[in-house]
Amino acid sequence: MSIDTARVLAISGGIGGAKLALGLQRVLPPGDLAVLVNTGDDFRHLGLLVCPDLDTVTYTLAGVANTETGWGRRGETWNFIEELARLGGETWFRLGDRDLVVHVERTRRLAAGESLTAVTEDLRRRFRVPSTLLPMSDDAVSTTLDTEAGTLQFQDYFVRRRCEPLVRAVHYAGADVAAPSPAVLALLASAPLECVVVCPSNPYLSIGPILGVPGLRRALEACRAPIVVVSPVIGGRAVKGPTVKLMRELGVEVSPRSIARHYAGLVDGLVLDTVDAALAPTVGVPALVVPTLMQTLEDREQLARAALSFARTLAPSQRSRRARA
Ligand code: GDP
């Protein structure tokens, strides 16, 4: 599969993003979708490089994700972590046996000199995922949070402390010097690309690190294909995770209007939920109002179709004009 032939680029964090990425994969012909994935929450654990968002997207698009936990694999066994607990090891980050194999193999290949992009592509193929999966960069970017409990690495905040500490600021260490994924740059400049869909992911913790890589942000700004953002906030609430808690703590109004503002200069159209219909005229960009809560596979497909049709109605030049204005 050649990356330059993908027609749709989805941008995704973990669980929320992967839901819509799956919908897009299911309604598009095989090979038409590429997914740009956050690596800001990657971290070293037990000597291994763990890439939670890449793994969630890979497992989801491969149909092997655990839909109950939202992370890890279906039908997982836990021999490793149970034995580790017995020996007094670190068990706050749960690793299933099959999941563990991915981290071991990825870490081995990276140590042997392969890039994260190359390893991800090979894993995708072995998991029989028909879409291209692209880490945002081969360089390390690490999301850190200034909190009332001090500066915390992402997983320390997210998993160990269950997002409890109050957050004052979010940083993306290394993003300013990270080289953007060359494959993403090529795709964003390629003629067949018809649209970019920013999936409903956490704007600060999942999409923020991607936009924090200057070369990626510039390439998205310059991209001629329309960019559609699907709001992760429905009726003032997040479906899951700390998006709304973070918005409050960062002093941001909890509304789709703030989502549009967050992506100013990048967004050509916003998809917002029917419960937020009254806010559509206030978001400052063309808006599509549809049900956006994805509970079933059909919900994912319907939202994917709606986002794609909406994107087709948007002129590519609109964003460039707005960005310059
Ligand atoms: P994480 O790994 O769970 O942080 O995953 P993401 O960053 O990709 O997604 C988290 C965001 O997705 C949260 O703001 C949720 O509100 C949003 N989200 C999850 N499921 C849905 C859904 O079905 N519809 C919409 N609109 N947003 C969702």
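Note that the structure is a prediction, hence the values are computed from the model and not measured. Every number for a ligand or one of its atoms is a count from 1 in the order of the listing.
Classification of Asp99 and Arg73 as a salt-bridged pair fails, no side-chain N sitting under 4.0 Å from a carboxylate O. Using a 4.0 Å cut-off between charged nitrogen and carboxylate oxygen, Asp42 and Arg106 do not count as a salt-bridge pair. Salt bridge present: Glu221 and Arg217 bring a charged side-chain N and a carboxylate O closer than 4.0 Å.
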Going through the checks in order, is the side chain to side chain donor-acceptor pair (under 3.5 Å) test met by Asp299 and Thr296?
-> CA-CA 5 Å; Asp299 295 341; Thr296 63; 3.1 Å; yes
Kindly indicate, with the supporting measurements, whether the criterion side chain to side chain donor-acceptor pair (under 3.5 Å) is fulfilled by Asp138 and Thr117.
-> CA-CA 6 Å; Asp138 287 328; Thr117 300; 2.7 Å; yes
Are Val170 and Thr143 close enough, and set up right, to give a side chain to side chain contact (heavy atoms under 4.5 Å, CB included), and what steps lead you there?
-> CA-CA 7 Å; Val170 183; Thr143 300; 3.8 Å; yes
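Of the possible polar contacts, one joining the Ser258 side chain to the Glu253 backbone as a donor-acceptor pair under 3.5 Å is found. Remark: the backbone N or O of Ala179 is paired with a side-chain donor or acceptor of Ser137 at under 3.5 angstrom.
Each of the atoms 16 (O) of ligand 1 lies under 4.0 Å from some heavy atom of Ala238. Which parts of ligand 1 touch Gly17 is read off a 4.0 Å heavy-atom cut-off, strictly below it: atoms 8 (O). Using a 4.0 Å cut-off to heavy atoms of Pro232, the atoms of ligand 1 that qualify are 14 (O), 15 (C), 16 (O), 17 (C), 27 (N). Close contacts between ligand 1 and Gly13 involve ligand atoms 8 (O) [criterion: under 4.0 Å to a heavy atom]. Ligand 1 places these atoms under 4.0 Å from at least one heavy atom of Gly14: 2 (O), 5 (O), 6 (P), 8 (O).
Between Ile15 and ligand 1, an N or O atom pair is found at a separation short of 3.5 Å. Inclusion of Ala18 in the set of residues having an N or O under 3.5 Å from an N or O of ligand 1 is not warranted.
Within the 4.0 Å heavy-atom shell around ligand 1 one does not find Val230.
The minimum heavy-atom distance between Leu9 and Leu188, with the atom names listed, is CD2-CD2, 3.7 Å.
In terms of protein heavy-atom proximity, atom 28 (C) of ligand 1 is nearest to Val239 CG2, 3.5 Å. Considering only non-hydrogen protein atoms, atom 7 (O) of ligand 1 sits nearest to Ser206 OG, 2.6 Å. Ranking the protein heavy atoms by distance from atom 24 (N) of ligand 1 puts Thr292 O, 2.7 Å first. Remark: minimum distance from atom 8 (O) of ligand 1 to any protein heavy atom is reached at Ser201 OG, 2.6 Å. With respect to atom 10 (C) of ligand 1, the closest heavy atom belonging to the protein is Asn202 N, 3.8 Å.
When heavy-atom distances to ligand 1 are checked against a 4.0 Å cut-off, Pro200 comes that close through both its backbone and its side chain. The proximity of Thr243 to ligand 1, defined as any non-hydrogen pair under 4.0 Å, is limited to the side chain. When heavy-atom distances to ligand 1 are checked against a 4.0 Å cut-off, Ile234 comes that close only through its side chain, counted from C-beta outward. Residue-level proximity to ligand 1 for Ser231 is carried by the backbone, the only part with a heavy atom below 4.0 angstrom.
In the hydrophobic cluster analysis, where Ile, Leu, Val, Met, Phe, Trp and Tyr join through side-chain heavy atoms closer than 4.5 angstrom, Val275 is grouped apart from Met294. Cluster membership for Leu152 and Trp92, using ILVMFWY side-chain heavy atoms within less than 4.5 angstrom, is shared.
Ranked by closest heavy atom to atom 15 (C) of ligand 1, the top entry among Met294, Lys19, Lys240, Gln295 is Lys240.
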